Novice: 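What follows is a structure written as structure tokens; I'll ask about it next.
Everything quoted here is computed from the prediction, not taken from an experiment. Each chain gets a letter, A, B and so on, in the order its sequence line appears, and its residues count up from 1.
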Amino acid sequence: MAQFQSPRGMNDILPEQMAIWQQIEQTCQKISRQFGYEWIVTPIVEDQRIFSRTAGTDSDIVSKEMYVFEDRGGDSLALRPEGTAGVVRAFIEHGMSNRPQPLRLCYFGPFFRYDRPQAGRYRQLWQFGVELIGESSPIADAEVINLQNSLYKNLGLSNVELRINSIGSPESRKKYLDSLKKFLKPQINNLSNESQRHFETNPFRILDSKIENDQKIVSQAPKILEYIDNEDRGHFKSVCNYLDALNINYKIDSGIVRGLDYYTRTVWEFQPADGGSQSTIGAGGRYDNLVEILGGTATPAVGFGTGIERISLNMKKIDEHDQIQNIDAFTIPLGEAGAIRSVQIGNILRNAGFNIVSGIAGRSLRSQLRSANNQNASYALIIGDDEVNANRIQVKALKTEQEQQLLSEEELINFLNTSV
RNA sequence: GUGGGUGUAGCUUAGUGGUUAAAGCGCCUGGUUGUGGCCCAGGAGACCGUGGGUUCAAAUCCCAUCAUCCACCCCA
């Protein structure tokens, strides 16, 4: 057993896992470029208040999952638990409201939540997210959902389901919450302890309770969509129309209420059709008040975040085998002159655009050929003192029965150009 | 924070009270002078998660602890 292990819930990504990881990252880059989103990198650490003010002090993320610490100067900092608040902070700090609106931003990086790890849930998790800031039109909501949907389609996740809801404006939501409380009050003693706690602080959360009896009670409760005002309803209807026009399937689900307080109007989640718990692979929503909450001028915005590990888990279900690296040639030094010459040849070939792994001088020819074969190289380049004296390189094909050749440096480059 | 399962070599596992803990895969070396894959031989690699207890004797039984996995809560 190793003396040290990675911190709980924080995992190494090993070389054999990188193929799928990079495929996801590159697809994020491709899709964001297709939609004209610009990349932004914000610090992994922020003033703790950035998150407590925006996500809500009663949210689980802030109340029990945030890594908070004091730095040596006494400032209270937090490892970022989510991406939107930091991006919005940067938006305000750098006066980005003076750039052409709407502003389209995206990010990719690690986030931290102090939670108990389990399948698909980690203390360090990676997310790709996009934010479309400065536009209130439903076409913006649809664009962001469309981008997210395209990402999954491009990655071959065909059976993901979109569930969508509107939680209205703060005003209409307040009206709704009043009548929800009125409805729940007579039955409050039948609710779970958790839900009873939420009754005072955030009755909204009772709606997505997983407890069966709570669900039974809630199923009779008034629905938010019946309470949101005409403008909210029109906005939601319009988002749905755009999705229809884009041929994006969705299910309206009044149980979708996100865990963060800053959402307004449209909220949604993507999850695999066969998913159990922990299966949501990405979720987003509109947040028209967030910029103002952080001290900027009121600016509407909409965005989503998606978990890279969860995408990866779902892709593994589809295609398990690892990709092996494509090595063009493996240099095999023999003797002292050969050792020097082989490192030179390696660089010459790399500069010519080939992928070259260097053999280790001092090992036998047999063992180096075995290594070359194990590493899936196409050619072995044997460079011993004989070859150095003759100013030639022995080229041995490892994947075909092609006859071994003795080539000059120039001939070798030409040969590789036509062969790999 | 709550509940359950599991900890033996790099990996997958065998071993359920009795010598020096075993195998497959992987790794390294070799199978005459400088030629891979298949095959063969050899080697390295494990304080059996950790600490305590029971016993003449513990990888094996008991307790604790840690880690990990799974579920709940919640979320990506």
Novice: Can you tell which of C74(B), U35(B), U2(B) lies closest to the side chain of I382(A)?
Specialist: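 Output: U35(B).
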Novice: Does the pair F304(A) and L147(A) meet the rule for a side-chain contact (heavy atoms from CB on, under 4.5 Å), with working shown?
Specialist: CA-CA 10 Å; F304(A) 74 83; L147(A) 191 161; 4.0 Å; yes
Novice: Test for a donor-acceptor pair under 3.5 Å between the base of G34(B) and the side chain of E387(A), counting only N and O atoms.
Specialist: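 Side chain to base: pair present.
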Novice: Is the shortest side-chain N/O distance from S364(A) to OP1 or OP2 of G30(B) below 4.0 Å?
Specialist: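 Answer is yes, contact under 4.0 Å.
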Novice: Quick one: side chain to side chain contact (heavy atoms under 4.5 Å, CB included) partners of N154(A), sequence neighbours excluded?
Specialist: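 Side chain to side chain contact (heavy atoms under 4.5 Å, CB included) list for N154(A), sorted by chain: T27(A), K30(A), I31(A).
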Novice: With side chains defined as the heavy atoms from C-beta onward, is the minimum distance between R89(A) and F51(A) less than 4.5 Å?
Specialist: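 Answer no - side chains too far apart.
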Novice: A119(A) side chain: which of U35(B), A76(B), A71(B) is closest?
Specialist: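 Minimum distance to the A119(A) side chain belongs to A71(B).
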Novice: Donor-acceptor pair under 3.5 Å: do we get one between R310(A)'s side chain and the base of C75(B)?
Specialist: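 By the distance-only test, yes, there is a pair.
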Novice: Distances under 3.5 Å only, N/O to N/O: pair up the protein atoms with those of nucleotides 24-27 of chain B.
Specialist:
residue	atom	partner	partner atom	Å
C27(B)	OP1	N374(A)	ND2	3.3

Novice: Any idea which of G34(B), C72(B), G36(B) is nearest the R116(A) side chain?
Specialist: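 Looking only at heavy atoms from C-beta outward on R116(A), the closest nucleotide is C72(B).
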Novice: Is it the case that U29(B) (base atoms only) and R363(A) (side chain only) share a donor and an acceptor within less than 3.5 Å, ignoring hydrogens and angles?
Specialist: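 Answer no: no donor N or O sits under 3.5 Å from an acceptor.
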Novice: Taking the ring of Y379(A) and the ring of F330(A), is the distance between their centroids below 6.0 Å?
Specialist: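 Centroid distance F330(A)-Y379(A): not below 6.0 Å, so no.
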Novice: What residues, two or more places apart in sequence or in another chain, satisfy side chain to side chain contact (heavy atoms under 4.5 Å, CB included) together with A380(A)?
Specialist: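 Counting only residues at least two positions away or on another chain, A380(A) forms a side chain to side chain contact (heavy atoms under 4.5 Å, CB included) with I332(A), L369(A), K396(A), L398(A).
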Novice: Mind checking what makes salt bridge (charged side-chain N to carboxylate O under 4.0 Å, His left out) contact with K153(A), not counting sequence neighbours?
Specialist: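 Salt bridge (charged side-chain N to carboxylate O under 4.0 Å, His left out) check on K153(A) returns nothing, list empty.
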Novice: Could you tell me which nucleotide pairs with U50(B) by Watson-Crick or G-U wobble geometry, both distances under 3.5 Å, or answer none if nothing does?
Specialist: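 Pairing partner: A64(B).
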Novice: Taking atom types as they are modelled, would you say the side chain of N373(A) forms a donor-acceptor pair with the base of G37(B) within the 3.5 Å cutoff?
Specialist: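 A donor-acceptor contact between them is absent.
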Novice: Sequence neighbours excluded, which residues qualify as salt bridge (charged side-chain N to carboxylate O under 4.0 Å, His left out) partners of R341(A)?
Specialist: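 Partners of R341(A) under the salt bridge (charged side-chain N to carboxylate O under 4.0 Å, His left out) test: E409(A).
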Novice: Decide yes or no, distance alone: a donor-acceptor N/O pair under 3.5 angstrom between the base of U35(B) and the side-chain of Q404(A).
Specialist: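 For Q404(A), whose side chain was compared with the base of U35(B), there is a donor-acceptor pair (under 3.5 Å).
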Novice: For L369(A) and C28(B), give me the distance from atom CG to atom P, rounded to whole Å.
Specialist: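 After rounding, the reported distance stands at 13 Å.
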Novice: With a 4.0 Å cutoff (strictly under), does any side-chain N or O of R370(A) reach OP1 or OP2 of G37(B)?
Specialist: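 Affirmative; the distance criterion is met.
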Novice: When the distance from CG of N11(A) to P of A76(B) is rounded to whole Å, what number comes out?
Specialist: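 One finds 19 Å between P of A76(B) and CG of N11(A), rounded.
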Novice: Mind listing the residues from residues 26-47 of chain A sitting with a heavy atom below 4.0 Å of RNA chain B? Number order is fine.
Specialist: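 RNA chain B contact set from residues 26-47 of chain A: none.
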Novice: Around atom NZ of K174(A), are there more than 12 heavy atoms from other residues, nucleotides or ligands closer than 6.0 Å?
Specialist: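 No, not enclosed.
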Novice: Taking for each residue the nucleotide of RNA chain B bearing the nearest heavy atom, is the 5' side occupied by Y114(A) or by E309(A)?
Specialist: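 It is Y114(A), whose closest nucleotide lies nearer the 5' terminus.
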Novice: Step through the shown structure and confirm whether more than 12 heavy atoms of other residues, nucleotides or ligands are within 6.0 Å of CG on L406(A).
Specialist: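 Atom CG in L406(A) is crowded, with more than 12 foreign heavy atoms closer than 6.0 Å.
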Novice: Check whether any side-chain nitrogen or oxygen of Q118(A) sits under 4.0 Å from OP1 or OP2 of A71(B), and answer yes or no.
Specialist: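 Yes, because at least one side-chain N or O of Q118(A) sits under 4.0 Å from OP1 or OP2 of A71(B).
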Novice: Can you see if the side chain of T306(A) gets near the phosphate of A76(B) - specifically, an N or O under 4.0 Å from OP1 or OP2?
Specialist: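 T306(A) to A76(B) OP1/OP2: no side-chain N or O under 4.0 Å.
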Novice: Take atom CD of E16(A) and atom C1' of C11(B), then tell me their distance rounded to the nearest Å.
Specialist: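 Going from E16(A) (CD) to C11(B) (C1'), I get 10 Å.
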Novice: With a 3.5 Å cut-off and heavy atoms only, can you find an N or O donor on one side and an acceptor on the other between the side chain of R8(A) and the base of A67(B)?
Specialist: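 Absent.
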